[in-house]
**Q** 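Quick one: the structure is below, questions incoming.
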Amino acid sequence: MESAQNGSRIRRWLRGVFFLAIYCIVFCMAAVFCIGMVTGGSVVTRVKYELTGNEETWESLALEEGFASSVEEYYYNNLPEELHEAYREIYVHLMRNEDAGDFLTAVSAEAFWQAYYAVLADHPEIFWTDTSAQVEESALTGTVVSYHFDVTVEADERDAMRSELEAAADTCIAQIPSDASDYEKIKAVYEYIIDTTEYDADSTDSQNIQSALLYHTSVCAGYSRAFQYILHRMGLFCTYVTGTIINGGDHGWNMVRITEAEQSEETLAGVPAVAADEEYYYVDVTWGDPVFAGNIGDYDTENTINYNYLCCTGEDLFKTHIPDDSIPLPECTSDAYDYYKLNGYYYESFDWDTVYQALMESVWADETRIVMKFGNEEAYEAAQSALFEQDLLNDAGQYLMRQNGVTTWNYRYHTDDNFYLITIYWS
């Protein structure tokens with residue numbers, strides 16, 4: 001009798017456990033369903049994603065699907081490591097043309113924006129979206145569960161535009177000698193974009209490369225991204241930098257890296273070792289455009305490229321530009337590729353006879369202008385005094401009057417206090 005009672009109790013206990021288990025499963029499914037209703041329906045997808053142990057990472061998916069990046073991703077490399085997966089997920093969605101959907105990496109909205117901005121900064125070839133998007137956060141976890149990119153080019157039009165952009169970039173590259181140095185390639189692309197693009201605040205798709213490369217009107221973002229895009233196609237390092245202009249608004253420019261290989265005196269097995277010397281430089285293609293050179297006066301500015309912002313130092317650039325804190329930046333201290341030094345327009349100090357000879361050689365060569373950059377403020381001010389307050393320009397003026405059969409001579413000039421630069425325009 002006692003044994004039968006024990007068996008009955010055990011059966012009742014087992015039925016209780018069974019119904020409790022069923023209740024828990026139903027409760028959990030209802031909870032997940034309710035959470036899904038609150039968060040946009042992607043929690044089930046995320047739970048499944050997380051339960052797999054994330055063995056199939058977004059990095060491996062990018063490799064498997066042929067989306068592996070062929071460029072050095074400066075922003076990715078400088079992001080906190082915990083944002084790498086979010087960065088790569090965003091990148092894969094963009095490359096798949098998935099303009100909206102579930103977001104599976106668990107990050108806050110702030111972290112999502114940081115990763116999204118980094119992807120666009122590293123990849124100017126992603127030309128179909130601007131910097132805006134919508135995200136939905138979970139009310140329970142505070143993490144992003146879905147996204148919607150704002151696009152400017154529809155998915156079915158992207159392949160055709162990509163081909164056009166590649167062809168436009170290759171047109172520029174084809175004009176550069178194959179044996180050109182890295183600096184010469186950078187300079188050629190700088191000049192090409194300036195020569196083929198007009199600054200227009202109302203240009204179409206101004207934040208993307210097609211504005212400069214296809215429509216030939218853009219703003220700073222289009223100039224800088226097009227410059228970055230072409231250099232990437234040439235295998236050169238270039239990244240996008242954002243910030244503000246002193247007493248101005250938001251602005252974008254670039255940073256490049258030039259590597260010089262030098263033979264070391266040390267040898268390995270009797271063979272001189274090769275040491276690589278890497279230096280970073282700033283480039284602002286927009287401020288090299290004649291529309292900005294126009295600020296110096298009406299002196300042939302339609303054909304005047306401003307080389308102040310080609311491979312310049314941080315010391316020079318930061319007199320007018322303020323980078324934001326979106327990413328760490330290396331020191332840019334080398335002036336090895338200062339345009340004026342490379343072309344014989346640089347004077348470390350002021351010397352009357354040296355400057356006089358430069359003036360006369362310029363007028364004898366029938367040049368339209370002469371540019372002189374001085375190594376410091378003292379030399380710069382001494383040159384201004386000698387040129388414009390004393391008699392240093394007299395002989396050049398007398399020569400020009402004789403050559404042109406006139407009795408008067410008018411010259412025009414511009415001074416740049418930031419770069420210690422003097423430009424004289426011969427009339």
Side-chain angles (χ1 to χ4, degrees), residues 57-63 65-99 103 105 107 110-133 147 149-153 158 162 165-166 169 186 189 205 207-213 220-243 250-259 278 280-285 323-330 332:
T57 65
W58 290 101
E59 189 71 47
S60 63
L61 281 173
L63 290 170
E65 298 184 22
F67 300 142
S69 175
S70 61
V71 301
E72 182 176 336
E73 297 171 317
Y74 184 82
Y75 279 73
Y76 175 88
N77 293 335
N78 284 278
L79 279 177
E81 189 171 351
E82 60 267 23
L83 295 186
H84 284 181
E85 193 74 356
Y87 175 107
R88 195 59 67 203
E89 180 178 353
I90 292 169
Y91 176 72
V92 169
H93 287 315
L94 286 164
M95 297 305 290
R96 285 174 170 173
N97 290 323
E98 295 173 344
D99 297 334
F103 195 75
T105 307
V107 291
E110 181 180 358
F112 177 94
W113 289 118
Q114 187 178 358
Y116 180 51
Y117 174 82
V119 171
L120 298 184
D122 280 337
H123 294 281
E125 73 276 10
I126 298 174
F127 57 84
W128 55 90
T129 182
D130 58 22
T131 56
S132 59
Y147 69 92
F149 301 128
D150 290 342
V151 301
T152 58
V153 181
R158 291 171 196 169
R162 183 180 290 107
L165 288 165
E166 290 173 354
I186 291 167
V189 177
D205 275 341
Q207 300 302 301
N208 291 315
I209 58 176
Q210 58 265 41
S211 59
L213 295 181
C220 60
Y223 277 76
S224 301
R225 292 182 188 278
F227 179 76
Q228 180 187 14
Y229 174 69
I230 297 176
L231 291 190
H232 280 181
R233 287 186 67 79
M234 301 176 76
L236 300 178
F237 170 83
C238 180
T239 195
Y240 183 55
V241 182
T242 54
D250 295 338
H251 190 54
W253 61 94
N254 298 104
M255 182 177 69
V256 299
R257 184 179 64 225
I258 298 177
T259 303
E278 292 185 343
Y280 291 88
Y281 304 86
Y282 287 113
V283 177
D284 189 342
V285 189
D324 60 31
D325 59 358
S326 60
I327 208 76
L329 295 169
C332 295

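Since this is a predicted model, take the numbers as computed values, not measurements. The first residue in the sequence is number 1, and the count goes up from there.
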**Q** List the atom of Trp113, the atom of Ala133, and the distance in Å for their closest heavy-atom pair.
**A** CH2-O, 2.9 Å
**Q** Going by heavy atoms in the side chains, are Asp284 and His251 under 4.5 Å from each other?
**A** yes
**Q** What is the distance from atom CD1 of Ile209 to atom CG of Leu165, rounded to the nearest 0.5 Å?
**A** 4.5 Å
**Q** Going by heavy atoms in the side chains, are Glu59 and His84 under 4.5 Å from each other?
**A** no
**Q** Taking side-chain hydrogen bond (donor to acceptor under 3.5 Å, both in side chains) as the definition, give me every residue that meets it alongside Ser132, ordered by chain and number, with sequence neighbours left out.
**A** Asp130, Asp150
**Q** To the nearest 0.5 Å, tell me how far Arg162 CZ sits from Gln210 CD.
**A** 11.5 Å
**Q** Please answer whether the main-chain N or O of Asp205 pairs with a side-chain N or O of Thr152 as donor and acceptor at a distance below 3.5 Å.
**A** no
**Q** Would you check if the side chain of Tyr75 reaches a backbone N or O of Tyr240 as a donor-acceptor pair within less than 3.5 Å?
**A** yes
**Q** Mind checking whether Trp58 and His93 have side chains closer than 4.5 Å, heavy atoms only?
**A** yes
**Q** Walk me through whether Val71 and Gln228 qualify under side chain to side chain contact (heavy atoms under 4.5 Å, CB included).
**A** CA-CA 11 Å; Val71 301; Gln228 180 187 14; over 6 Å; no
**Q** Examine the side chains of Glu85 and Thr105 and answer whether a donor and an acceptor come within less than 3.5 Å of each other.
**A** no
**Q** Under the side chain to side chain contact (heavy atoms under 4.5 Å, CB included) rule, what do Val189 and Val285 come out as? Steps first, then yes or no, please.
**A** CA-CA 9 Å; Val189 177; Val285 189; over 6 Å; no
**Q** Would you call Phe103 and Ile90 a side-chain contact if the rule is heavy atoms closer than 4.5 Å?
**A** yes
**Q** Report yes or no: do Thr242 and Tyr117 form a side-chain donor-acceptor pair below 3.5 Å?
**A** yes
**Q** Is there side-chain contact between Met95 and Glu65, with heavy atoms separated by less than 4.5 Å?
**A** no
**Q** Mind checking side-chain hydrogen bond (donor to acceptor under 3.5 Å, both in side chains) for His232 and listing every partner two or more places apart, or none if nothing turns up?
**A** none
**Q** Which heavy atom in Ala115 sits nearest to a heavy atom in Leu79, and how many Å separate them?
**A** CA-CD1, 4.5 Å
**Q** Give the minimum heavy-atom separation between Asn78 and Tyr74, together with the two atoms involved.
**A** ND2-O, 2.8 Å
**Q** Ser224 and Gly252: which non-hydrogen atoms are nearest, and at how many Å?
**A** OG-O, 3.1 Å
**Q** Stepwise, does the side chain to side chain contact (heavy atoms under 4.5 Å, CB included) test hold for Asn208 with Val153?
**A** CA-CA 11 Å; Asn208 291 315; Val153 181; over 6 Å; no
**Q** Decide yes or no for Asn97 and Trp128: does some side-chain heavy atom of the first lie under 4.5 Å from some side-chain heavy atom of the second?
**A** yes
**Q** Answer whether the closest heavy-atom distance between the side chains of Asp99 and Thr129 falls below 4.5 Å.
**A** no
**Q** What distance separates Ile327 CD1 from Asn77 CG, expressed to the nearest 0.5 Å?
**A** 9.0 Å
**Q** Roughly how far, to the nearest 0.5 Å, is OG of Ser70 from CZ of Arg233?
**A** 9.0 Å
**Q** First locate atom CG of Leu83, then atom CZ of Arg88, and finally report the distance between them rounded to the nearest 0.5 Å.
**A** 12.5 Å
**Q** Between Val151 and Arg158, is there a side-chain heavy-atom distance shorter than 4.5 Å?
**A** yes
**Q** Go through the side-chain N and O atoms of Tyr91 and Asp122 and say whether any donor and acceptor fall under 3.5 Å apart.
**A** no
**Q** Give a yes or no on whether the ring-centroid distance for Tyr116 and Phe149 is below 6.0 angstrom.
**A** yes
**Q** When you measure from the centre of the six-membered ring of Phe127, is the NZ or CZ of Arg225 under 6.0 Å away and within 45° of the axis?
**A** no
**Q** Is the backbone of His123 close enough, under 3.5 Å, to the side chain of Glu73 for a donor and an acceptor to pair up by distance?
**A** no
**Q** How many angstroms lie between CG in Asn254 and CG in Leu231, if you round to the nearest 0.5 Å?
**A** 7.5 Å
